[in-house]
Colleague: 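Take a look at this one; I'll ask things after.
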Amino acid sequence: MGSIFQITCDGAFFNRCLDCFLGKVANTSKLQDNLVALETELGKLIVAKNDVMMRIVNAERQQLRTLDQVQVWLSRVEAVKTEADELIRHGSQEIDKLCVGGYCSKHCASSYKFGKQVAKKLRDVQTLIGEGVFAAVATEVVPERAPEPVADERPTVPTIVGLQSQLEQVWRCLVEESVGIIGLYGMGGVGKTTLLTHINNKFLESRTSFDCVIWAVVSKDLQLEKIQEDIGKKIGLVDDSWKSKSVEEKALDIFRSLREKRIVLLLDDIWERVDLTKVGIPLSGPKNTTSKVVFTTRFIDVCGSMEADKKFQVACLSEEHAWELFRKKVGEETLESDHDIVELAQTVAKECGGLPLALITIGRAMACKRTAEEWRHAVEVLRRSASEFAGLGKEVYPLLKFSYDSLQNETIKSCFLYCCLYPEDYGILKWDLIDCWIGEGFLEESDRFGAENQGYYIVGTLVRACLLEEVEDDKVKMHDVIRDMAIWIACEIEKEKRNFLVCAGAGLKEAPDVKGWENVRRLSLMQNQIKTLSEVPTCPHLHTLFLDFNKELETIADGFFQFMPSLKVLKMSNCGHVKVLKLPIGMSELGSSLELLDISNTNITELPEELKLLVNLKCLNLRWTIWLNKIPWQLISKFSRLRVLRMFATGFARFDAASEDSVLFGGGEVLVQELVGLKYLEVLELTLGCHHALQIFLSSNKLKSCIRSLLLQLAGDTKSIIDATAFADLNHLNELWIDRAKELEELKIDCKEIVQKRREPFVFRSLHRVTIHSCQKLKDLTFLVFAPDLKSLDLDRCDAMEEIISVGKFAETPEMMGHISPFENLQTLHLEDLPHLKSIFWKPLPFTHLKEMTVRACDQLKKLPLDSNSAKERKFVIRGKEDWWNRLQWEDEATQIAFRSCFQPERLVAKFDFWFATLEDFLLENPLQLLY
């Protein structure tokens, strides 16, 4: 018995051992075949998974639910795929361990274990493939419908006049470029929402890889819940229970729904930063790296706070596109009803300044006006008081006023409304505007530089809010419709507080009845044809009076300013060009109030002594009063509170160093001594007539710290060398003009010393404009290599000049030769009557900011410092005679071809020829030409 039992047990044990051995051999010997099968079956499983996923996406777009088992199956597929990929990746290493035809292994235990895992994973994959049929069917809880469109079509006009090219630009960013956030900014009514609407609808006609396009309106009163509701409606989250959730809970729901989708979020009318993470938008991450956000705003600052990768300004329409839009709104039937209407309609369209909202509103209002008389009346109303025109006061201005209402504080609002005192399309000098703001008391004046910085900040704020337009670095202007809106606010909406009377550029030949001035606070009669101011007004509340650019003004009645006890700012620049302008008797009555007096660019010959009673005067502008030859010297010292004195080219036309009547007696020495005594002086523009006066000036640290513009008229001076390094201490010198220094041979600069002694050799950092006229012996202007921010250079009648920057003066500083690149910020270069000029610079320059280069009568200048690198932008214009252009030598043919389109040939006309044709306008810009 015992032996039989033992045999039976031993036999069973043997069989189990044999099965185990054979199983191990099978797992090992079939390893290679199983790996191939696993990879094949895994591919089939992925195909099944993708099919199920597609069905799920379609179901979600139809707001249909899928069975929970489907999500479980998808999770199992992901897990098995990860494990199978890992086995396949290590398969080749395990196969290398096999031997004896694959029936044995160098590491039996390891190979057996790996083979077992592969066999099991193969069975798991095959099981999931079988279940995939069920998963695919389970997604079809209702009959499958055509998928919902990615975007909801929004109503809009079929064509977008003037915006097509911008639509294409933005679209390229959306579908081609790796740009996440795009900002569209521009003034109210310019067409931002129209552009965004067309972007939305373009998704309906274009095939893209985006899953969903969501539109949300933000508006001025930012509410995250409102944005979340717009998004929730689009992706099917909104129900009664969802509405009761908190902002944070909704954000989490939105995030979960969108994190694996490619979406485009279109946000219309943003006024401040929207925190997209608090809304629930997945901006980036391993599963969502290509979603996009496009928003519209009136403020370029918002583009910064939203961290926009790209921003586009939606600007007003060109004149051509504006007329096309206006014509569509008026209709051909109306335009053809009277032969005069087309021309009048074009005038009306121009009054809209290319603003689509105004063009559409006025075009619709005029669509049924079919007589020329009605159109003439429309032109008159738009020019006289645009707010009275049908639709503007109700539809256009209130929309634009939102931008005004959103300005940060009352100071910025006051500064903005002040700009409407200037005429339409007028380029307002920034520093001149800030002078007025300070004079009015809008800005804190305890620190002049601080007040100026605040002023420039406000200018920038208004530009970024699209309420001002920057036309040049130093000028801004108001769009015509924005200006009309500002006048509407000042004269209608806030009449009691502001009370403006604006007649600027109205073509007046007589001043409006002074009886209407009584309650006015700010009055502008600027840019008219008024000849006389014969009545004496009573203006107890008047703070600002603009009389500028009344060129025919001959007479101002004595006592005209007698009853203006509150007047702070008086501007009379560019007045009285026909007869000598005389200041009326009685200006002393302004003594307790007047802070700014501007009589620049007038032909005034003397300042009356009674001005010494203007004890509160803080800013006196005498720029370009070239005929002014009499200033009672005690007058300067009486202006004890003067902070700003502008005397650039003052008395220039009658300058005579030998004359005791000269405004600059002794070449300016007396003037300099008087200026030193002005305790509060902070800004100075000055004209000096001899080298000795310059030395006295340079010996005063106070005056050196104040100087902004300096004109050296050295006609009678025998000094042949001026040490230009001395100007390095003039930290705020912005403008330098040297005129008729007939003996001046050199503006000396020790390049080697500057390079060796200064860590940063740019010693003329604030110098922006340099003009050199009639310095016949001057050879070069090498000191300008140390003026990195130079923007304008004007050289005229310098007979001996051969080089602008002398290569010889850098021979001792070879380390600088390769690194110097002057004129990096130069915008305008004017070269005229330089008969020996051969070189501007010894090697090509990029000229990245140059806008205009003019070359006249410089026959020896045969090569410009331009090459293929300079040609990359090619945005500037080159003017000159065609025969000069044809003689130029170029680096290579490619450069010549590149700049051919930049050249604008001109006929060389003697200056006297066009003086008499346009004398008045010419002298405004170039009054010194009278002296040549």
Side-chain angles (χ1 to χ4, degrees), residues 149-157 160 162-220 222 224 226-235 254-255 258-259 261-284 288-315 356 464 466:
V150 293
D152 296 326
E153 185 174 6
R154 303 186 66 82
T156 187
V157 293
I160 47 173
L163 291 177
Q164 189 62 44
S165 62
Q166 202 144 42
L167 172 62
E168 292 169 1
Q169 281 183 297
V170 179
W171 185 255
R172 280 196 297 272
C173 281
L174 278 170
V175 299
E176 296 176 13
E177 299 183 24
S178 57
V179 176
I181 302 179
I182 300 170
L184 310 177
Y185 72 96
M187 62 191 286
V190 80
K192 302 183 297 296
T193 300
T194 300
L195 179 58
L196 194 67
T197 303
H198 278 271
I199 291 169
N200 176 84
N201 292 350
K202 195 171 175 68
F203 280 99
L204 297 171
E205 60 192 49
S206 303
R207 298 188 64 177
T208 66
S209 58
F210 292 102
D211 300 311
C212 186
V213 177
I214 304 169
W215 178 287
V217 178
V218 182
S219 296
K220 193 172 183 180
L222 173 61
L224 295 182
K226 175 66 170 61
I227 301 173
Q228 288 177 324
E229 186 176 340
D230 289 342
I231 295 171
K233 286 178 181 177
K234 177 65 179 174
I235 61 178
I254 291 171
F255 179 80
L258 299 180
R259 62 183 170 182
K261 296 179 182 178
R262 295 193 68 218
I263 67 161
V264 178
L265 178 62
L266 305 178
L267 297 174
D268 191 30
D269 200 21
I270 290 184
W271 291 71
E272 59 185 286
R273 180 175 178 266
V274 177
D275 190 336
L276 296 173
T277 58
K278 289 184 177 179
V279 175
I281 304 301
L283 295 176
S284 61
N288 188 333
T289 57
T290 51
S291 292
K292 311 274 186 172
V293 178
V294 188
F295 64 87
T296 67
T297 180
R298 298 189 185 195
F299 310 98
I300 192 174
D301 285 351
V302 172
C303 294
S305 65
M306 289 292 293
E307 301 180 56
D309 301 307
K310 200 130 185 176
K311 54 184 179 287
F312 295 90
Q313 181 179 10
V314 185
R464 292 189 295 273
C466 299

Colleague: Run the side chain to side chain contact (heavy atoms under 4.5 Å, CB included) test against R172 and tell me which residues pass, sequence neighbours left out.
Modeller: E168, Q169, E176

Colleague: Quick one: CD1 on I254 to CD1 on I235, what's the gap to the nearest 0.5 Å?
Modeller: 5.5 Å

Colleague: At what distance, to the nearest 0.5 angstrom, does NZ of K234 lie from CD of E229?
Modeller: 15.5 Å

Colleague: Any sub-3.5 Å donor-acceptor pair from K192's side-chain atoms to G186's backbone N or O?
Modeller: yes

Colleague: Quick one: closest heavy-atom pair of F295 and C303, and the distance?
Modeller: CZ-CA, 3.8 Å

Colleague: Could you tell me whether D230 and K226 make a salt bridge, using a distance below 4.0 angstrom between a side-chain N and a carboxylate O?
Modeller: yes

Colleague: Taking all atoms of both residues into account, what is the closest heavy-atom pair of L222 and R273, and its distance?
Modeller: CD2-O, 3.6 Å

Colleague: K310 versus C173: any side-chain heavy-atom pair under 4.5 Å?
Modeller: yes

Colleague: Do you know which two heavy atoms are closest between E153 and N201, and how far apart they sit?
Modeller: CA-OD1, 3.6 Å

Colleague: Is there a donor-acceptor pair closer than 3.5 Å between any side-chain N or O of D309 and the backbone N or O of I181?
Modeller: yes

Colleague: Pick one: which of L276, L196, T296, V294 meets side-chain contact (heavy atoms from CB on, under 4.5 Å) with L267?
Modeller: L276

Colleague: When rounded to the nearest 0.5 angstrom, what distance separates NZ in K292 from CZ in F210?
Modeller: 5.5 Å

Colleague: Can you name the closest pair of heavy atoms from Q228 and K278 and give their distance?
Modeller: NE2-O, 3.4 Å

Colleague: Can you find a pair of side-chain heavy atoms, one from P356 and one from T194, that are under 4.5 Å apart?
Modeller: no

Colleague: Rounded to the nearest 0.5 Å, how far apart are SG of C212 and NZ of K261?
Modeller: 6.5 Å

Colleague: Heavy atoms, side chains only, cut-off 4.5 Å: are L265 and I281 in contact?
Modeller: yes

Colleague: Check step by step if side-chain contact (heavy atoms from CB on, under 4.5 Å) holds for L266 and W215.
Modeller: CA-CA 5 Å; L266 305 178; W215 178 287; 3.9 Å; yes

Colleague: Would you please test I182 and K311 for side-chain contact (heavy atoms from CB on, under 4.5 Å) and show each step?
Modeller: CA-CA 6 Å; I182 300 170; K311 54 184 179 287; over 6 Å; no

Colleague: Determine the sole option in L184, D269, V302 for which the side-chain contact (heavy atoms from CB on, under 4.5 Å) test with T297 is passed.
Modeller: V302

Colleague: To check you understand the geometry: which heavy-atom pair defines the closest contact between A308 and G183, and what is its length?
Modeller: CB-N, 4.0 Å

Colleague: Who pairs with D268 by salt bridge (charged side-chain N to carboxylate O under 4.0 Å, His left out), at least two apart in sequence or on another chain?
Modeller: none

Colleague: Checking side-chain contact (heavy atoms from CB on, under 4.5 Å) for the pair D275/V279: CA distance, chi angles, key distance, verdict?
Modeller: CA-CA 7 Å; D275 190 336; V279 175; over 6 Å; no

Colleague: Could you go through the side-chain contact (heavy atoms from CB on, under 4.5 Å) check for V264 and S291 one step at a time?
Modeller: CA-CA 6 Å; V264 178; S291 292; over 6 Å; no

Colleague: Is any side-chain heavy atom of F299 closer than 4.5 Å to a side-chain heavy atom of Y185?
Modeller: no

Colleague: Just how far is it from atom CG of L195 to atom CG of L167, taken to the nearest 0.5 Å?
Modeller: 6.0 Å

Colleague: When rounded to the nearest 0.5 angstrom, what is the spacing between CD1 in I231 and CG in L258?
Modeller: 7.0 Å

Colleague: Whether K202 engages the ring of W171 as a cation-pi pair (distance to the six-membered ring centre under 6.0 angstrom, angle to the ring normal within 45°) should be assessed.
Modeller: yes

Colleague: Mind listing the closest non-hydrogen atom pair of R154 and N200 along with its distance?
Modeller: CG-ND2, 3.5 Å

Colleague: Taking salt bridge (charged side-chain N to carboxylate O under 4.0 Å, His left out) as the test, write out the residues that go with K220, two or more places apart.
Modeller: none

Colleague: Taking the side chain as every heavy atom from C-beta outward, state whether V274 and I227 have any atom pair closer than 4.5 Å.
Modeller: yes

